[in-house]
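To start, I am sharing the structure in question, which I have written as structure tokens.
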Amino acid sequence: EKYLPPGPPTVPILGNAHLMPWTNLHLKLKEWSDRYGPVYSLKIGSTTMVVLNEPRAVHQLMTKKGALYVDRPVDEQWKLATDGESFFLAHAGPIWRTMRKIAGQALSSKVLDGKLAEIQEAEMNQWMLDLLNEPEDYRSHTMRTSTSVTSIMLYGHRAPRWDGFWASLLEAIKPGSYLPVAQFPILDWLPGQFKTSKEVAKSAYCHNVSMFSRARAIVDSRRELGDIRESLLDRLIDGLIKPDIPLSFSQITHGFLGAMHQGASETSAMATLTSVLFLALNPQVQEKARQELDRVCGVERIPRWSDMENLPYISCIVKEGLRIRPVVPNGIPYRAREDSWYEGMLVPKDATVVVPIYALHHTYYANAAVYNPDRYCNNLKSSYENASRPDYENRDHYTFGSGRRLCPGIHLGERTVWRMTAKILWAFEIKRAVDEHGKDVELSPDAYEIGMSAAPMPFKVRIVPRTAKHAAVIRSAAADIKKFLKQWE
Ligand code: HEM
């Protein structure tokens, strides 16, 4: 005990459990770091949690000793809700390793930028048309587009409408709904009525299994009709991707593809909505982006991912949005496999290890609370390249996690947010909404709903085409892609 990192004073039995807040844990994790040091520990009953709010500690432990921090904490509630199969929470054994390898190959930058590039661009162009026609519904259009891109990649089916089956996959119950704080085992210390009941976890499991099974059934039926597509599931079924060890039907359908869909759709949409919010609050950033876009694409051409190297300021905007409001503010916790040491402090075997993404982003970046895309003008490497750079002090952000459990959708997530950011800025002005008296409607950069992920609460903005010419280009591009998109329905 005496070698543990410092932390708040404990009380008998509870340890620090009574100090855990019900909301805004991300702010508390930062506050404790300011008080007790960047690496600190908490006692939750008999368990130890170690928080690493320091780039050096994350590098030394999560990257250099990654094999020790590759597991997730063991939690009964998680097991009930996922049958122990979910990619997110799986024990880091052979099945998890097999899933990681398949995801790494299927969602590599090469695959995404090959045959699948055109369909991602087309979906985003459709999004622009939707914004043009129904700007007030920008939130649901953004969610539909993000979930559609994911279902095309995973299942070969797009979500043409917000009220159809493929969009409804987004309603798969997220870990956050049955794990409000269970990831930090405080719930075991609270009276029964406050606990997330086991029933909730079990019903999350049944709901998700039925959604993911239906997705699989749709793919199986279309394949029976000879319609074979370029999706991850199609390639798995055809043996074009060969798992190192055989995965059962349920492991592929629920634990792997289902979990990937859960991890993909909302995260990318929320990251884009954060950029929309901060861009509305910072018209000067929009103006600077437009100058770059006009120089590279003019009015005639919609920007594409292949323009990325020539549009560095767009990449800065994407990175700054991911930094200032990370989508998973407290990360997903890890479990220490063995005792290890950091600067004379013990991280004991079985400790829950937390990399507090929001706290890191708001401690180590100059004027961290200020939205300033320019901070990235000398760091245009991808998030993936940044995650493994040896000069860890210059890492762009931790929004996709750390170490060996780094988000396997990092390339797809980054591309989706980049494409949306470039296209919306090229085509539209994002203006503050005005009320009936002509006054700006209040926009708060802090109005977020925070559970396991952080989602900006619905906010009002006006999304206005920059010129009639821009609107015409959107309409003509959308007419061209209608037929192309049809083949994914
Ligand atoms: C902006 C978009 C995204 C963000 C911010 C994001 C963030 C994260 C974070 C923070 C983690 C935890 C990493 C860790 O434990 O260190 C994670 C894990 C994961 N993400 Fe993402 N993600 C995004 C997009 C995606 C996409 C597009 C997919 C799949 C197509 C995906 C699938 C997953 C999966 C399966 C895991 C669990 C991996 C494991 O435990 O081994 N995510 N993501």
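Start at 1 and go down the list; that is how both ligands and their atoms are numbered. We use all heavy atoms of the structure for the numbers below, so side chains are in, but hydrogens, waters and symmetry mates are not. Here, residue 1 is the first one in the sequence, and each next residue gets the next number.
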Discussion item. Would you say the ring centers of Tyr155 and Phe212 fall short of 6.0 Å from each other?
Written reply: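 Aromatic pair excluded; centres sit 6.0 Å or further apart.
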Worksheet entry | Cation-pi geometry met for Arg325 and Phe278 (6.0 Å, 45°) |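 Judged by the rule (NZ or CZ under 6.0 Å from the ring centre, within 45° of its axis), Arg325 is not positioned above Phe278.
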Item to complete: Check Leu107 against ligand 1 and report side chain, backbone, both or neither, counting heavy atoms closer than 4.0 Å.
Response: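 Near ligand 1, Leu107 shows its side chain, while the N, CA, C and O stay back.
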Discussion item. Taking the basic N atoms (NZ, or NE/NH1/NH2) and the acidic carboxylate oxygens, is any pair closer than 4.0 Å for Arg161 and Glu489?
Written reply: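 So Arg161 does not pair with Glu489 through a salt bridge.
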Worksheet entry | Region of Arg72 engaging ligand 1 - heavy atom pairs below 4.0 Å |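 For Arg72, the contact with ligand 1 is made by the side chain alone.
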Item to complete: Considering only NZ, NE, NH1 and NH2 on the basic side and carboxylate oxygens on the acidic side, decide whether Glu118 and Arg304 come within less than 4.0 Å.
Response: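 Result for this pair is yes, salt bridge flagged.
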Discussion item. Is it the case that over 12 heavy atoms from other parts of the model lie below 6.0 angstrom from the CD atom of Gln487?
Written reply: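 Counting neighbours around CD of Gln487, more than 12 heavy atoms of other residues, nucleotides or ligands fall under 6.0 Å, so yes.
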Discussion item. Distance check, rounded to the nearest 0.5 Å: Gln251 atom CD versus Trp96 atom CH2?
Written reply: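 Output value for this atom pair is 15.0 Å.
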Discussion item. To the closest 0.5 Å, what do you measure between OG1 (Thr47) and CG (Asp350)?
Written reply: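 If I round to the nearest 0.5 Å, the distance is 10.0 Å.
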Worksheet item: Given Arg97, Arg405, Gln262, which has its nearest heavy atom closest to atom 39 (C) of ligand 1?
Response: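 Residue with the shortest heavy-atom distance to the ligand atom: Arg405.
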Worksheet item: So, Asp227 and Arg223, do they make that salt bridge, N to O below 4.0 Å?
Response: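 A salt bridge is absent here (no side-chain N lies under 4.0 Å from a carboxylate O).
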Worksheet item: What protein heavy atom is closest to atom 12 (C) of ligand 1, reported as residue, atom name and distance in Å?
Response: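 For atom 12 (C) of ligand 1, the nearest protein heavy atom comes out as Ile332 CD1, 3.7 Å.
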Fill in: ligand 1 versus Ser402: contacting region, heavy-atom distance under 4.0 Å
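It is the backbone that touches ligand 1; the side chain stays farther off.
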Fill in: Of the protein N/O/S atoms, how many lie under 2.8 Å from atom 21 (Fe) of ligand 1
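Step by step: take atom 21 (Fe) of ligand 1, keep protein N, O, S below 2.8 Å, and you get 1.
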Practice prompt. May I ask you to identify the nearest protein heavy atom to atom 37 (C) of ligand 1, giving residue, atom name and distance to one decimal place in Å?
Written response: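 Of every protein heavy atom, Phe88 CD2, 3.5 Å lies nearest to atom 37 (C) of ligand 1.
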Worksheet item: What do we get for Thr399 next to ligand 1 when only non-hydrogen atoms under 4.0 Å count, side chain, backbone, both or neither?
Response: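 Within the 4.0 Å criterion, Thr399 contacts ligand 1 through backbone and side-chain atoms alike.
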Practice prompt. Answer yes or no: is there an ion pair linking Lys381 with Asp396, defined by an N-O contact shorter than 4.0 Å?
Written response: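 The answer is no: the pair does not qualify as a salt bridge.
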Worksheet item: Closest non-hydrogen protein atom to atom 16 (O) of ligand 1, residue and atom name please, with distance?
Response: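 Result: Tyr334 OH, 2.4 Å.
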Worksheet item: How does Arg100 reach ligand 1, by side chain, by backbone, by both or by neither, if only non-hydrogen atoms under 4.0 Å count?
Response: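 For Arg100, only side-chain atoms sit under 4.0 Å from ligand 1.
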Worksheet item: Of the protein's non-hydrogen atoms, which lies at the shortest distance from atom 35 (C) of ligand 1, and what is that distance?
Response: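 So the nearest neighbour among protein heavy atoms is Phe87 CD1, 3.4 Å.
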Worksheet item: Do we see a donor-acceptor contact under 3.5 Å between the side chains of Gln120 and Thr416?
Response: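 Distance-only check fails for Gln120 and Thr416.
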